[in-house]
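Accompanying notes for the structure given below.
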Protein chains: 2
Amino acid sequence: MKNTKNCNIPVYLNNAATSFPKSPGIGEEVAAFFKKIPKHPGRAGTTSEDTLSLCRKELAHLLKTEDPSRLVLCKNATEALNIAVLGIGLKGEVVITTAMEHNSVLRPLYLLEKKGVIRLEIVPCDAEGRVIKEQWEKRIDEFSPKLVVLNQASNVTGAVNNIEELLKYAKEKESITLLDASQSIGLFDMDVSRIAADMIAFTGHKYLLGPSGTGGLYIKEGIEVEPVFVGGTGIRSDLKEMPPEMPLRLEPGTPPVPAFAGLLHSLKWQKENPVSLEKMANLTRDLEQGLIKKGTEVIEVAGERTFIVSCRLPGWDLKEVGYVLERSFGIICRTGLHCAPLIHEYIGTAPAGSIRFSISRFTTREEIDYTLDVIGELVNADH
Amino acid sequence: MKNTKNCNIPVYLNNAATSFPKSPGIGEEVAAFFKKIPKHPGRAGTTSEDTLSLCRKELAHLLKTEDPSRLVLCKNATEALNIAVLGIGLKGEVVITTAMEHNSVLRPLYLLEKKGVIRLEIVPCDAEGRVIKEQWEKRIDEFSPKLVVLNQASNVTGAVNNIEELLKYAKEKESITLLDASQSIGLFDMDVSRIAADMIAFTGHKYLLGPSGTGGLYIKEGIEVEPVFVGGTGIRSDLKEMPPEMPLRLEPGTPPVPAFAGLLHSLKWQKENPVSLEKMANLTRDLEQGLIKKGTEVIEVAGERTFIVSCRLPGWDLKEVGYVLERSFGIICRTGLHCAPLIHEYIGTAPAGSIRFSISRFTTREEIDYTLDVIGELVNADH
């Protein structure tokens with residue numbers, strides 16, 4: 001096999017699921033945390049420069065907001081999305097979302113729909129997996145939704161929405177706007193003063209290079225979210241309800257501090273070592289074009305995108321491809337629906353889904369070349 | 001000051017909040033985890049011997065149950081308790097709980113009460129903070145509750161309930177029984193075949209010596225809990241609802257795997273290094289008696305107990321004591337209500353609460369002696 005000489009195997013191309021490697025030194029940082037006497041940071045006080053408040057500050061800096069107290073630390077984006085969707089006080093209104101959403105958005109909304117709490121409208125996407133602007137606007141006009149939920153970037157094709165435009169349209173019609181930035185945070189600049197997002201849910205373990213077990217929810221000043229899960233807060237224990245102070249109001253129980261020590265390390269590292277999107281874009285484009293040349297059916301994405309390529313291999317069962325790539329060639333990618341069941345109807349990969357390759361800032365040219373060589377072999381294989 | 005020569009300062013006596021130190025080697029174990037290529041354990045399969053399934057197995061072993069799939073991994077006991085209380089399908093029934101509960105139990109129940117979903121009855125406790133058996137039984141007889149929620153051990157006084165007896169009584173009246181084992185797991189043997197608990201909520205970061213960010217909910221076979229938070233599950237992405245398989249049904253989103261790698265390490269370490277409860281009991285008794293001799297007002301606990309002593313210092317403001325102990329003498333304890341607001345009415349520490357010292361298996365005689373010396377100084381101090 002060619003091109004393996006400079007390529008360490010296994011080759012990890014599943015960064016849209018969780019990034020690997022994480023930020024250099026993260027393990028040592030978390031290990032050091034376990035040696036520190038615990039002070040229950042974030043519980044007893046709000047002024048101390050402890051792990052959680054430093055993490056909140058870094059996240060606020062990342063989103064370009066002044067007020068770290070509006071950042072609720074969660075265990076994953078799923079928790080953040082549930083807190084937002086279930087806590088915003090829906091009762092009988094219409095909610096609009098899109099066919100490119102992840103089940104972390106769809107399933108909470110389906111649940112509310114089934115209970116008769118909302119009417120749900122789903123905006124279709126185009127063949128690249130991008131929301132169709134005209135359809136988005138038409139439905140907002142028609143239904144005047146109380147809430148809209150929008151993905152910034154598809155976790156299946158990498159197609160990126162024009163969130164400035166789409167959210168602004170919804171905001172002008174007085175919808176509450178919730179952005180799912182799980183696939184984009186850590187890649188693209190995010191400025192809450194410029195985008196009309198009332199809430200932004202995100203994860204820490206993808207392109208922020210933090211540990212699984214971290215995520216967050218930004219909630220704009222003035223947007224009230226009622227807690228669904230409640231419990232101890234360390235302070236104001238005499239109250240029967242959660243205290244009104246943010247972010248405490250939405251963070252019951254002992255927080256996962258070691259995980260956020262890891263995320264804090266990653267956020268600092270990333271600030272000092274800005275990502276080169278150009279390098280990632282070039283590798284993605286080369287992977288995409290290479291896969292086409294090798295004879296796979298690629299979901300091509302024109303325009304703005306993240307660093308994902310989805311495809312199918314004619315003649316191969318999806319699961320079999322994933323198995324062979326990992327077991328025989330040491331290439332870790334992901335096959336199937338990627339927890340986003342609706343988009344496949346629009347991009348031509350229903351019902352089985354796609355093979356998804358997703359690169360990170362650490363992916364090398366040699367890894368892409370090796371992957372393309374292997375795919376070439378599979379396409380030509382008599383199996 | 002006497003007795004400091006063999007005593008490392010700071011002295012950590014806040015183990016009922018979170019234990020410190022954790023299991024030896026935990027930091028290195030978690031650091032090593034970050035170097036492993038992620039496989040999304042627990043998402044795509046249930047048979048692989050991965051971190052989460054190994055952790056579930058160890059927890060099942062600890063609770064003496066055969067079926068690890070009945071163990072839902074949570075970020076803390078608060079999440080576990082909310083999943084149980086909000087998911088058990090209450091509608092109009094009576095729920096009975098006790099005055100010794102933590103806000104992680106009380107606040108979800110108050111929330112349901114406020115919404116008109118339940119009628120809540122709270123059983124008083126005695127002057128040690130232990131549930132009064134006759135009152136418990138009387139209320140169960142009177143109200144035939146759908147659900148009872150019971151603390152195994154008070155986080156304020158350490159008083160331990162006879163859970164075999166109390167839960168059996170509720171179970172015989174056909175209540176669903178939920179045990180909060182946050183303060184007892186890792187200390188006492190737990191055998192789900194012997195105790196009539198339908199559900200057990202617990203934390204990983206106290207006496208299991210694991211990281212903050214870990215906890216769990218055991219749900220007995222036959223008890224159905226509907227998910228409140230829903231989202232991606234890695235498999236069966238085509239379903240609009242959470243798949244029926246346990247524990248996946250109650251674990252939406254990417255799990256906090258590094259934290260559970262730490263908990264797994266702690267569970268294994270603890271199995272190989274069983275705790276000496278006798279040593280801890282002796283130190284606790286000596287601390288209690290010493291505090292009495294020094295002139296503090298101790299909440300004495302006779303009978304079964306954990307390793308907590310609560311007291312008050314005549315003439316001192318609680319917060320001031322905590323501050324002085326930590327800043328001037330390097331003794332870390334906790335003062336206030338300890339997130340358990342009701343118990344203080346019964347143990348004579350309302351409304352301000354108590355100074356709580358809580359020891360761990362690593363606490364030394366020298367640390368207790370030093371603490372007693374310091375307390376003696378404070379009692380006699382002219383401040």
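Chain letters run A, B, ... following the sequence lines, proteins first and then strands; every chain starts at 1.
Chain B forms more heavy-atom pairs under 4.5 Å with one residue of A:Ile37, A:Ile83, A:Val30 than with any other, namely A:Ile37. The greatest number of non-hydrogen atom pairs below 4.5 Å with chain A, out of B:His344, B:Glu113, B:Glu326, B:Lys36, is found for B:Lys36. With chain A as partner, the option from B:Glu29, B:His338, B:Lys114 having the largest number of non-hydrogen pairs under 4.5 angstrom is B:Lys114. Interface remark: of the candidates A:Leu239, A:Val85, A:Leu86, A:Leu239 forms the most heavy-atom pairs closer than 4.5 Å to chain B. By number of non-hydrogen pairs under 4.5 angstrom with chain A, the leading residue of B:Glu28, B:Glu241, B:Lys22 is B:Glu241.
If you look at B:Phe34 and A:Phe20, their ring centroids are not closer than 6.0 Å.
Counting heavy atoms of neighbouring residues, nucleotides and ligands inside a 6.0 Å radius, atom CD of A:Glu345 does not exceed 12 of them.
Looking at A:Thr254 and B:His205, their side chains come closer than 4.5 Å, going by heavy atoms from C-beta outward. Inter-residue side-chain proximity for A:Asp238 and B:Leu337 is flagged as met; some heavy-atom pair is nearer than 4.5 Å. Side-chain contact check for A:Pro211 versus B:Pro258: some heavy-atom pair is nearer than 4.5 Å.
Residues B:Leu111 and A:Pro227 share a closest heavy-atom pair of CD2-O, 4.4 Å. B:Gly213 approaches A:Pro256 most closely through the heavy-atom pair CA-CB, 3.5 Å. For the pair A:Ser212 and B:Val257, the tightest heavy-atom approach, listed with the atom from each and the gap, is CB-N, 4.1 Å. Of all heavy-atom pairs between B:Gly27 and A:Ala31, the closest is O-CB, 3.4 Å. The nearest pair of heavy atoms linking A:Gly234 to B:Cys339 is N-SG, 3.4 Å.
With a threshold of 4.5 angstrom between heavy atoms, B:Leu81 does not approach chain A through any atom at all. The contact between B:Val228 and chain A is made by backbone and side chain atoms together, counting heavy-atom distances below 4.5 Å. With a 4.5 Å cut-off on non-hydrogen atoms, B:Leu106 does not touch chain A at all. Contact annotation for A:Pro21: neither backbone nor side-chain heavy atoms come within less than 4.5 Å of a heavy atom of chain B. Proximity to chain A (any heavy atom under 4.5 Å) is shown, for B:Asn103, by both the backbone and the side chain.
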Subject >> Intermediate values then yes/no, side-chain contact (heavy atoms from CB on, under 4.5 Å), B:Phe229 and A:Thr78 >> reply: CA-CA 8 Å; B:Phe229 284 2; A:Thr78 302; 5.9 Å; no
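Atom OG1 of B:Thr214 and atom NZ of A:Lys75 lie 11.0 Å apart (nearest 0.5 Å). Taking CD1 of A:Ile26 as the start and NZ of B:Lys35 as the end, the distance is 10.0 Å to the nearest 0.5 Å.
The backbone N or O of B:Val230 sits less than 3.5 Å from a side-chain atom of A:Asn82, completing a donor-acceptor pair. Formation of a donor-acceptor pair under 3.5 Å by the B:Arg107 side chain with backbone atoms of A:Pro252 is not found in this model.
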